[in-house]
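Note on naming: letters A, B, ... go to the chains in the order of the sequence lines (proteins, then strands), and numbering restarts at 1 for each one.
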2 protein chains.
Amino acid sequence: MAARGPAGSVTIEDVARAAGVSRAAVSKVIRDAYGVSPAMRERVTAAVEQLGYRPSISARGMRGKTFTLGIEIPELSNPFFPLLLAGATAALSGSPYQLIIAPADPAHAEGYRAIRALVDRQVDGVIAVSPLVEPAWLTELSATVPVVMLGRHDRADGYDTVVSDDEAGARAVMRHLFELGHRDIAHLTGEADHATNGSGVPQTIRLHTYRTAMQEAGFGDRISVARAADVTADAHATALRMLSGSERPTAVFACHDEPALEVLRAVADAGLTADDVSVAGYDGIEIAGHPGISLTTVRQDGERMGRLAVELLLERIAGRTEARHEVIAPDLVVRSSTRPPRPCGAATRLSALGDH
Amino acid sequence: MAARGPAGSVTIEDVARAAGVSRAAVSKVIRDAYGVSPAMRERVTAAVEQLGYRPSISARGMRGKTFTLGIEIPELSNPFFPLLLAGATAALSGSPYQLIIAPADPAHAEGYRAIRALVDRQVDGVIAVSPLVEPAWLTELSATVPVVMLGRHDRADGYDTVVSDDEAGARAVMRHLFELGHRDIAHLTGEADHATNGSGVPQTIRLHTYRTAMQEAGFGDRISVARAADVTADAHATALRMLSGSERPTAVFACHDEPALEVLRAVADAGLTADDVSVAGYDGIEIAGHPGISLTTVRQDGERMGRLAVELLLERIAGRTEARHEVIAPDLVVRSSTRPPRPCGAATRLSALGDH
DNA sequence: GTGAAAGCGCTAACAA
DNA sequence: TTGTTAGCGCTTTCAC
C-alpha cells in the first residue's frame with residue numbers, strides 16, 4: 001500500500017535511495033528492460049511497493065513512451081461509438097497501455113482540435129473517428145505518431161484504416177426493400193459535407209449507393225433525398241415533413257439508426273404504422289432489437305472494429321510501416337419495421353408481422 | 001498553419017529564437033502571464049503562429065499545470081453517462097482546459113485503476129463516477145488533486161459531490177405506482193455490494209426507499225426484490241423468471257432504465273402487455289420517451305450534473321477548500337408503461353393509454 | 001519588462 | 001550487471 005497516498009510525490013530517486021541502488025536501475029526494473037539481476041529486481045520491487053511509487057507519465061513523456069493510447073470520438077451519445085470503445089478497451093486489458101478518450105463535438109468539426117489535444121499529451125498512438133479531417137493532414141500527423149482511422153474509406157500509406165463495407169450494407173438494405181415490393185423509397189441523411197474526404201465518408205457512400213440502387217432498379221425518377229442540417233437533432237422534424245408531403249414514400253432508409261428511430265417516432269406521430277411506411281436504419285445499435293422498436297438495420301460489429309483498431313495501432317507502435325486497411329463485412333438484420341408496401345387501394349392488411 | 005506538421009517538434013526554444021527573445025518570454029506570452037509588453041506579445045504570437053508551435057503538455061506537467069481535466073466513467077454503453085460527458089464538455093468549451101476520459105470496466109471494479117491512471121497523467125483535477133471506491137481513499141487522493149465525485153451520497157470534507165436525490169426519485173415512483181392501485185410491486189436491482197460506501201450508492205438508496213415505501217404503505221409482506229448478478233447483462237433472464245413465477249407482480253420498479261428496458265422486453269416475450277405488468281425505470285434516458293417504449297421513469301438531469309461537476313472542479317482548482325455537496329432534484333416522468341393494475345378477474349381493458 | 005539559470009522526474013547512452 | 005551523466009521542454013525564481 002502507498003505510504004504517501006495514491007499520487008504521493010514519491011520519485012524514482014526515493015525508490016533508488018530506499019533500495020540502495022541507482023535511479024537507472026530502478027528505471028530498468030519498472031520497465032523490465034534488459035540487464036537486471038533477480039536480486040536487484042526483488043529489492044527494487046519491494047521498495048516500489050513499500051513507498052507506493054508511481055512513475056510520472058509526464059516525465060516519461062519527455063524521454064520515452066507514455067504507454068497511453070488516445071482515441072478521439074464524436075457523439076458518445078450515439079450508442080454505436082461506445083461499442084468501439086468497448087472493443088478497444090477489451091483489446092487493451094492486460095496490456096500496459098491505458099486508453100484515454102478525447103470527446104469531439106461533431107457539430108463544431110472539432111476533430112482536429114481533439115486529435116491535437118491527444119498528440120500534445122504525448123500519446124504513443126492515436127485512433128480517431130473523424131470522417132471529415134483531411135487525408136493530407138492525417139498523413140502529416142502520421143509521420144509523428146502512429147494513427148489508425150475508424151470508418152474512413154480513403155486509403156493512405158501513412159495511416160491504417162478500419163472500416164465497414166458501407167456499400168455492401170446499403171445495397172443489402174435496398175435489395176431487401178425492393179424485394180418487399182417498395183419503389184418509393186426515400187433516403188434521410190445529413191447535410192452534404194464539402195470536405196476533402198467527401199467520398200470517403202460512410203454517409204456519403206450510403207447515399208450514393210441508395211442513388212445507384214434506385215437507378216439500377218429503374219426507379220431513378222423516384223429518388224428522394226431528405227437532408228437534415230444536423231441528422232441527429234433535426235431528423236424528427238425532417239421525417240415529419242417527409243411523411244406529411246403529398247408524395248409520401250412507402251419506405252424510408254435512414255443513414256443510421258439514430259435518425260431511423262426519429263423516423264419511427266414521426267411515423268407514430270403522424271398516426272401511421274409500419275404497414276404504411278417501412279423504416280430501415282444502419283449500425284445495428286442494441287435498442288433496434290427491442291420489441292417496441294424492432295428496426296430493420298445493418299449491423300456493424302463496432303466492438304470488433306474497436307479491437308482491430310487497437311491491434312493495428314499496437315503493430316504500428318511495434319514497428320510496422322506498411323499501411324493496413326481492414327474492411328469488415330456488415331450484416332443485414334431484418335425486423336418488423338420493414339414490411340411489404342400496402343397494396344394500392346386495397347384494404348388494410350395487418351398480417352405479415354415480421355418477428356416476435 | 002503549422003510549418004512542421006501538427007505535432008512537429010517545434011520547441012519553445014525555436015520560437016524564442018525566431019522571435020529574438022528568451023524562452024522565458026515566450027512562456028509568459030503563451031500562458032499570458034503578467035509582465036509582457038504588447039510589442040513582445042505580438043512578435044512571439046507571430047512566431048508561434050508561423051512555426052506552428054504547440055507546448056508539450058508533458059513538459060508542462062513537470063513544473064506547472066497541464067490544463068487537462070480527467071473524468072473516470074464506467075459503462076459508456078449506458079446512455080446516461082454520455083449525458084454527464086456532454087455537460088462536462090459543454091462547461092469546458094471556451095476554457096483552456098481539455099477533458100480526457102478514462103473508461104473503467106465496472107465489472108472489474110476498475111475505478112481505482114482508472115482514477116490512478118488519470119492522476120499519473122498529471123491532470124489538474126479529477127471527476128469520477130465510482131460509487132464503490134472507498135471514501136478514505138478518495139480523501140487521501142483529494143489531498144493531492146482536486147476531486148469531484150458524481151452520484152455519491154457520502155459527504156466528505158476533501159472532495160465535492162454532485163448527486164441526484166435518489167430517495168425523492170424513488171419515492172415518487174412508488175407513490176405513483178400506489179396511486180395507480182398497485183400493491184404487488186417488485187424491485188429489480190443488482191447484487192448487494194459490500195463496499196465501505198455501501199449506503200452512499202444510488203442503487204442501494206433506491207432499494208432502501210422501495211422497502212421503506214412498501215412498509216409504510218402496509219405492503220411489507222409483499223416486498224419482493226430480484227437481484228441480477230450483473231444488472232445490465234442478467235436483467236432479462238431475471239425479469240423473465242420474475243414474470244413466470246406463480247406470484248407475478250403487477251408492477252416492476254427497476255433500479256435504472258437499462259434493466260427496465262429488459263423487463264419491458266421480458267414482458268413482451270412472456271406474451272404480456274403493460275396492462276398485465278407495469279414497469280418503471282430510473283434515469284430518464286432518451287429512448288424511454290420513444291413511442292415504442294414509453295417507459296415511466298425518473299429523469300435525472302445528467303447534463304446539468306456534468307456541467308456542475310466541472311464548475312465545482314474549476315472552483316477547487318481556483319483555490320476553494322471548503323467542500324460543496326450539490327443535490328439535484330429529479331423529475332418523475334409518467335408514460336404508458338405504468339397503468340392501473342388489471343381489476344382481478346375482470347375483463348381485459350385496453351383503455352388508459354397514457355401518452356401518444 | 002526581460003533574460004539567465006536552475007531544476008521538475010524520467011530514460012538512454014555510456015562508463016565502470 | 002550496475003552507476004554516472006546528460007538532457008527531454010517547460011516554468012519559475014531571481015537578477016538585471
> Do B/Arg31 and B/Ser27 meet the criterion of a side-chain donor-acceptor pair at a distance under 3.5 Å?
yes
> Write down the distance between CZ (B/Arg63) and P (D/dC8), rounded to a whole number of angstrom.
16 Å
> Select from B/Arg23 and A/Ser56 the residue whose nearest nucleotide in DNA chain C is closer to the 5' end of that strand.
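This one resolves to B/Arg23.
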> Evaluate the side-chain proximity of B/Glu326 to B/Asp160: yes if any heavy-atom separation is below 4.5 Å, no if none is.
no
> State whether a side-chain donor-acceptor pair under 3.5 Å links B/Arg121 with B/Thr68.
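No pair is found: no donor N or O on one side chain lies under 3.5 Å from an acceptor on the other.
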> From CZ of B/Phe67 over to P of D/dC10, roughly how many Å is that when rounded to an integer?
14 Å
> First and last nucleotide of DNA chain C in contact with chain B, 5' to 3', at under 4.0 Å to a heavy atom: what are they?
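With heavy atoms of chain B under 4.0 Å away, the range is C/dG1 to C/dG9.
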> Enumerate the salt bridge (Lys or Arg N to Asp or Glu O under 4.0 Å) contacts for residues 86-112 of chain B, please, sequence neighbours excluded, ordered by first and then second residue.
B/Glu110-B/Arg113
> Which atom pairs, donor and acceptor, lie under 3.5 Å between side-chain atoms of residues 55-63 of chain A and protein residues at least two apart or in another chain?
unit_1: A/Ser56; atom_1: OG; unit_2: A/Ser58; atom_2: N; d: 3.3
unit_1: A/Ser56; atom_1: OG; unit_2: A/Ala59; atom_2: N; d: 3.1

> OP1, OP2 of D/dG3 versus side-chain N and O of A/Ser22: anything below 4.0 Å?
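Yes.
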> Nearest to the side chain of A/Ala24, which nucleotide is it out of D/dG7, D/dT11, D/dG3?
D/dG3
> Under the ring-ring contact (aromatic ring centres under 6.0 Å, His included) definition, can you give me all pairs with a residue in residues 49-75 of chain A, not counting sequence neighbours?
A/Phe67-A/Tyr97
> Within this structure, what is the CE-to-P distance between B/Met62 and D/dG9, rounded to whole angstrom?
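Value for this atom pair: 12 Å.
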> Does any non-hydrogen side-chain atom of B/Asp32 lie less than 4.5 Å from one of B/Arg41?
yes
> So B/Ile101 and A/Leu76, do their side chains get closer than 4.5 Å, heavy atoms only?
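Sidechains of B/Ile101 and A/Leu76: in contact.
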> Could you check whether any side-chain heavy atom of A/Ile317 comes within less than 4.5 Å of a side-chain heavy atom of A/Lys65, counting everything from C-beta outward?
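Yes, at least one pair of side-chain atoms sits under 4.5 Å.
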> Please state how far atom CZ in A/Arg121 lies from atom P in D/dG9, giving the value in whole angstrom units.
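Atom CZ in A/Arg121 sits about 18 Å away from atom P in D/dG9.
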> Using side-chain heavy atoms (C-beta onward) and a distance below 4.5 Å, is B/Leu308 in contact with B/Ile328?
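Yes, their side chains come closer than 4.5 Å.
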> Please give me every residue in residues 27-36 of chain A whose heavy atoms get under 4.0 Å of an atom in DNA chain D, ordered by residue number.
A/Lys28, A/Gly35, A/Val36
> Rounding to 10 degrees, work out the angle separating the end axes of the helix from C/dG1-D/dC16 to C/dA16-D/dT1 (five pairs an end).
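Taking five pairs per end, the axes differ by 30°.
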> Return whichever of B/Val21 or B/Ala59 has its heavy-atom-nearest nucleotide of DNA chain C closer to the 5' end.
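On the 5' side of the pair lies B/Val21.
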> Using whole Å, what does the distance between atom C1' of nucleotide D/dC10 and atom CD1 of A/Ile57 come to?
18 Å
> For a side-chain hydrogen bond (donor to acceptor under 3.5 Å, both in side chains) with A/Thr161, tell me which candidate from A/Arg152, A/His153, A/Arg324, A/His325 qualifies.
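Among the candidates, only A/His325 passes.
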